[in-house]
Each structure stands twice: as C-alpha cells, then as structure tokens.
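See below for the structure under consideration.
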Amino acid sequence: MTSQRGLDATPLLIMHIPKTAGTSLLSIVQQQYAPEDLEMLYPCTDEQIDALVARPRPPRVAMGHFQFGLHERLSSECRYVTFLRDPVEQVVSHFNYLAASTAPDHLSQLGPNDTLEDFIDHPWAMNLQTQFLCRRSPIE
C-alpha cells in the first residue's frame with residue numbers, strides 16, 4: 001500500500017455521485033492511501049461531517065456521497081475529484097440499482113411495481129449529478 005502523506009498536504013475530497021464509477025474509484029483509492037489517511041463518508045450524515053470537521057487535522061482523503069461545499073467546513077484548502085456520467089445512463093443505472101436492492105432505505109424509494117418511467121419523476125432521477133455539484137440534494 002502506498003501512502004501519499006509526504007507528497008501533498010492538501011486534502012482530497014472525492015465526491016462520489018451515485019452510479020458514476022465511485023465503487024471502482026474506491027478500490028483504487030484504497031490501494032493508494034493508508035487506512036488512517038482515508039475518511040469514508042457513507043451515507044454522509046450530518047454526524048459524519050461534524051466528526052470530520054472536529055478532527056484536529058483533515059484527513060488526506062475524504063470520499064463519500066457529499067455535495068460540493070464540504071471544503072467550506074474544513075479548516076484547510078482542499079481539492080475535489082468526481083466522476084460524471086452520461087445523465088441518461090446514470091438515471092437508468094440508478095433505477096436498476098434501486099430496483100435490485102434489498103436495503104430498506106432503497107426499498108422505500110420505489111414501489112414494488114415501479115418502472116423506469118415511474119422513477120423519472122423521483123428526485124434522484126432529476127439530474128443527480130447537477131444536484132450534487134450545485135448543492136441541491138434530492139435527499140434534503
């Protein structure tokens with residue numbers, strides 16, 4: 001495992017927008033950073049962000065389902081990384097993920113017979129990428 005501790009002290013914020021290659025990126029990040037340098041913010045609750053902000057120094061890397069603007073809560077300059085995906089492909093992928101999920105919070109988002117057409121009216125289908133980048137979360 002390679003640690004990035006000595007290369008650059010600027011914290012890296014990896015904004016994982018759902019269904020935009022975040023899981024693939026996570027496996028790469030975990031190979032590049034030591035566990036003590038990586039803060040995971042999933043599902044990214046207020047409590048997780050408060051704990052991150054309360055740390056004596058920011059982590060080398062924070063990754064999770066947070067919106068742009070997290071840097072404003074940290075006491076240092078930060079860099080962002082995110083992946084974007086074709087919006088239509090992202091919506092279809094998100095629907096398929098929710099439809100196949102057994103997680104209670106996911107099951108509550110779709111009805112048992114909901115189709116992709118039904119999902120189109122869901123806040124998570126309304127260009128989630130733009131919502132994350134512009135701080136307009138459908139989860140609020």
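Heads up: numbering here begins at 1 and tracks the sequence. Given the structure is predicted, the values throughout are model-derived calculations rather than measurements.
Using a 4.5 Å heavy-atom cutoff, the side chains of Met40 and Leu26 are in contact. Between Pro59 and Leu38 the shortest side-chain heavy-atom distance does not fall below 4.5 Å. Two residues are said to be in side-chain contact when any heavy atoms from C-beta on lie closer than 4.5 Å; Leu70 and Leu52 meet this criterion. The closest side-chain heavy-atom distance from Ile14 to Thr82 is not below 4.5 Å. Taking the side chain as every heavy atom from C-beta outward, Leu13 and Phe68 never approach each other to under 4.5 Å. For the pair Leu116 and Val92, the minimum side-chain heavy-atom distance is below 4.5 Å.
Residue Glu72 places its CD atom among more than 12 non-hydrogen atoms of other residues, nucleotides or ligands, all under 6.0 Å distant. Counted within 6.0 Å of OH on Tyr97, heavy atoms from surrounding residues, nucleotides or ligands total 12 or fewer; the atom is thus considered open.
With sequence neighbours left out, Ser76 forms a side-chain contact (heavy atoms from CB on, under 4.5 Å) with Pro11, Pro58, Cys78. Ala103 meets the side-chain contact (heavy atoms from CB on, under 4.5 Å) test with Ser101, Asp105, His106; sequence neighbours excluded. Glu47 is linked by a salt bridge (Lys or Arg N to Asp or Glu O under 4.0 Å) to nothing, counting only residues two or more places apart in sequence or in another chain. In this structure, the side-chain contact (heavy atoms from CB on, under 4.5 Å) partners of Arg85, at least two apart in sequence or on a different chain, are Lys19, Thr20, Glu89, Gln90, Ser93, Gln129. Taking Ala99 as the reference, Phe95, Leu110 meet the side-chain contact (heavy atoms from CB on, under 4.5 Å) condition, with sequence neighbours excluded.
Between Ala125 and Val91, the closest heavy-atom pair is O-CG2, 3.4 Å. For Met63 against Val29, the heavy-atom pair with the smallest separation is SD-CG2, 4.5 Å. Contact record, Leu98 with Phe119: CD1-CE1, 3.6 Å, taken as the closest heavy-atom pair. Of all heavy-atom pairs between Phe132 and Phe66, the closest is CD2-O, 3.3 Å. The two residues Pro18 and His94 come nearest to each other via the heavy atoms CB-CE1, 4.0 Å.
Rounding to the nearest 0.5 Å gives a distance of 10.5 Å between CG of Leu12 and OH of Tyr80. We find the CD-CD1 distance between Gln131 and Ile17 to be 10.0 Å, quoted to the nearest 0.5 Å.
In terms of modelled atom types and a separation under 3.5 Å, the side chain of Gln48 and the main chain of Thr45 share a donor-acceptor contact.
Applying the side chain to side chain donor-acceptor pair (under 3.5 Å) rule to pairs touching residues 111-120 yields Thr115-Glu117, Thr115-Asp118, sequence neighbours excluded.
Side-chain N/O atoms of Tyr42 and His65 include no donor and acceptor closer than 3.5 Å.
Under a hydrophobic-cluster definition in which Ile, Leu, Val, Met, Phe, Trp and Tyr are linked whenever side-chain heavy atoms come within less than 4.5 Å, directly or via other members, Met15 and Met126 are assigned to different clusters.
Between Glu39 and Arg55 there is a salt bridge, with a side-chain nitrogen of the basic residue lying less than 4.0 Å from a carboxylate oxygen of the acidic one.
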Set out, in order, the CA-CA distance, both residues' side-chain angles and the distance that settles side-chain contact (heavy atoms from CB on, under 4.5 Å) for Val61 and Asp37, then state yes or no.
CA-CA 6 Å; Val61 178; Asp37 291 335; 5.9 Å; no
